[in-house]
Amino acid sequence: LNVDQNVFNGCSRSIYLSGYVNNPVITRNACNLTLGTSDTTYGIYASASNYYSIQENNITGQSQTLSYGIIVNNSGPYDNYVYKNFLTNLKYGCVAKGQNANGYSEVPNVGLQFKCNVFTNVFYNIAVFPCTTCSPSYDGTIKRFQGICDGTTTGPAGNQFLSFPPGGFSLWKENPPNIIYRHHNNSPYLPPAIILNFALSNCGISGSETSCPSLLGGGGGSSAMMMNSIGNASSETDSMIALIDGGNTQKLLDQIADA
């Protein structure tokens, strides 16, 4: 699956993928959302998918309506990235739901990271929810350490928080334990203080344009840095199928909205 450089104008729901474990590519798309009949809209929804490249998409909503930029639902206990997307005028920017890591006490800890995304006027910039409607149910998990403090400018999480709305949350997780968010020491990379079940870790290094280089070549796709081995994908297909929302996408969206 390769969805690259498309424009979705006036759609309430733009891109949906379910059960893709062979490197789906969702890159450089523009999603200009409008309200749907259900009053819930999203730009990208990835359910039970893995080894994906979700990069450099531009998703714009209608300012604080019940809208979602990128939803990742049950991508499993694997290293995945949502990287350098641009999210504007949304209720939720990046949402992780259900199992998206191998647990917080596992060594090594693997899981989903949100890196280098740019949030402008988004009420919940990064939000993590459990999936109580899944069978079995899962607590909301992402990789416990978002970013690394390795002395390089590309190590920290690198997300940017712009035009932060009053009362909003830069980092929000419904249940403990805390996610450790490792960040640059300057705005707009420094998360506003309104957080829940996240702990901030300052890497003591300034962020700049060089902190988040593009990982895409001229033809789209993903870099080796972001992708895991394709050879592992086939052996994980069965376990990923068990995580699909089973057609309950709207129920999952309703659960998030009611949180």
Side-chain angles (χ1 to χ4, degrees), residues 40 42 44-50 52 54 64 66-82 87 90-115 117 119 122-148 156-157 159 161 164-165 167-183 190-202 239-240 242-246 248-259:
T40 56
Y42 59 76
I44 300 169
Y45 190 118
S47 180
S49 298
N50 199 359
Y52 44 73
I54 300 177
Q64 305 307 311
L66 191 53
S67 51
Y68 309 81
I70 299 170
I71 302 171
V72 178
N73 174 58
N74 284 332
S75 61
Y78 312 107
D79 278 325
N80 287 299
Y81 294 83
V82 172
L87 304 118
L90 299 162
K91 181 70 173 289
Y92 299 93
C94 290
V95 171
K97 190 169 181 63
Q99 185 188 18
N100 296 288
N102 66 344
Y104 298 125
S105 61
E106 300 290 335
V107 178
N109 180 234
V110 299
L112 171 64
Q113 291 191 68
F114 295 107
K115 280 184 64 72
N117 301 287
F119 303 97
V122 176
F123 195 85
Y124 293 93
N125 291 260
I126 296 174
V128 182
F129 291 88
C131 184
T132 58
T133 60
C134 296
S135 180
S137 62
Y138 293 100
D139 191 16
T141 59
I142 58 177
K143 189 169 186 175
R144 187 166 193 186
F145 297 95
Q146 297 284 300
I148 57 175
N159 298 294
F161 306 90
F164 193 70
F169 286 84
S170 56
L171 305 168
W172 188 96
K173 182 172 179 284
E174 183 165 322
N175 299 318
N178 286 346
I179 299 296
I180 311 301
Y181 185 85
R182 293 166 168 165
H183 58 85
L190 182 64
I194 305 177
I195 64 175
L196 180 66
N197 292 322
F198 276 76
L200 301 183
S201 177
N202 193 332
S239 63
M240 295 305 296
L243 299 174
I244 296 174
D245 60 23
N248 290 323
T249 302
Q250 184 57 52
K251 184 183 291 185
L252 292 174
L253 291 173
D254 292 341
Q255 183 185 346
I256 296 173
D258 291 339

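The residues of the chain are indexed from 1 along the displayed sequence. Not measured: the values here are computed from a predicted model.
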**OP:** Begin from the C-alpha positions of Asn197 and Glu174 and carry the test side chain to side chain contact (heavy atoms under 4.5 Å, CB included) through to its verdict.
**Re:** CA-CA 7 Å; Asn197 292 322; Glu174 183 165 322; 5.9 Å; no
**OP:** Could you walk me through whether Ser170 and Asn125 pass the side chain to side chain donor-acceptor pair (under 3.5 Å) test, one step at a time?
**Re:** CA-CA 5 Å; Ser170 56; Asn125 291 260; 5.7 Å; no
**OP:** Using the side chain to side chain contact (heavy atoms under 4.5 Å, CB included) rule, take Asn117 and Leu87 through it: C-alpha gap first, then chi angles, then the decisive distance, then the call.
**Re:** CA-CA 8 Å; Asn117 301 287; Leu87 304 118; 4.2 Å; yes
Original post:
Tyr92 and Leu66: side chain to side chain contact (heavy atoms under 4.5 Å, CB included), yes or no, with the steps?
Top reply: CA-CA 8 Å; Tyr92 299 93; Leu66 191 53; 4.1 Å; yes
Original post:
Between Asp139 and Asn175, does a side chain to side chain donor-acceptor pair (under 3.5 Å) hold up when you go through it step by step?
Top reply: CA-CA 8 Å; Asp139 191 16; Asn175 299 318; 3.3 Å; yes
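Once rounded to the nearest 0.5 Å, the distance linking OH of Tyr124 with OH of Tyr68 reads 10.5 Å. Rounding to the nearest 0.5 Å gives a distance of 12.0 Å between CG of Asn178 and OG of Ser201. In this structure, CD1 on Ile44 lies 10.5 Å from CD1 on Ile71, to the nearest 0.5 angstrom. Distance check, rounded to the nearest 0.5 Å: SG of Cys131 to CG of Asn73 gives 5.5 Å. Separating the CD atom in Gln146 from the CG atom in Leu112 is a distance of 6.5 Å, to the nearest 0.5 Å. Note: Phe114 CZ to Tyr81 OH = 13.0 Å, rounded to the nearest 0.5 Å.
In this structure, the side chains of Tyr181 and Asn159 come closer than 4.5 Å at one or more pairs of heavy atoms. Looking at heavy atoms from C-beta onward, Asn100 lies in side-chain contact with Val72 at the 4.5 angstrom threshold.
Below 30°, between 30° and 60°, or above 60°: for Phe123 and Phe169 the angle between ring planes is above 60°, a perpendicular geometry. Aromatic ring pairs are classed by plane angle as parallel below 30°, tilted from 30° to 60° and perpendicular above 60°; the pair Phe119 and Phe161 is parallel.
For the pair Tyr78 and Ser75, the tightest heavy-atom approach, listed with the atom from each and the gap, is CD1-O, 3.4 Å. Taking both residues in full, the closest heavy atoms of Lys115 and Pro156 are given as NZ-O, 2.6 Å, listed atom of the first, atom of the second, then distance. Nearest heavy-atom pair across Gly93 and Val122 is N-CG1, 3.3 Å. Residues His183 and Leu200 come closest through the heavy atom pair NE2-CB, 3.7 Å.
When each of Asn109, Ile179, Ile180 is tested with Lys143 by the rule side chain to side chain contact (heavy atoms under 4.5 Å, CB included), just one qualifies, namely Asn109.
Side-chain atoms of Gln113 come within 3.5 Å of backbone N or O of Gly147 as a donor-acceptor pair. Judged by distance alone, with hydrogens and angles left aside, the side-chain atoms of Lys91 form no donor-acceptor pair with the main-chain N or O of Gly69 at under 3.5 Å.
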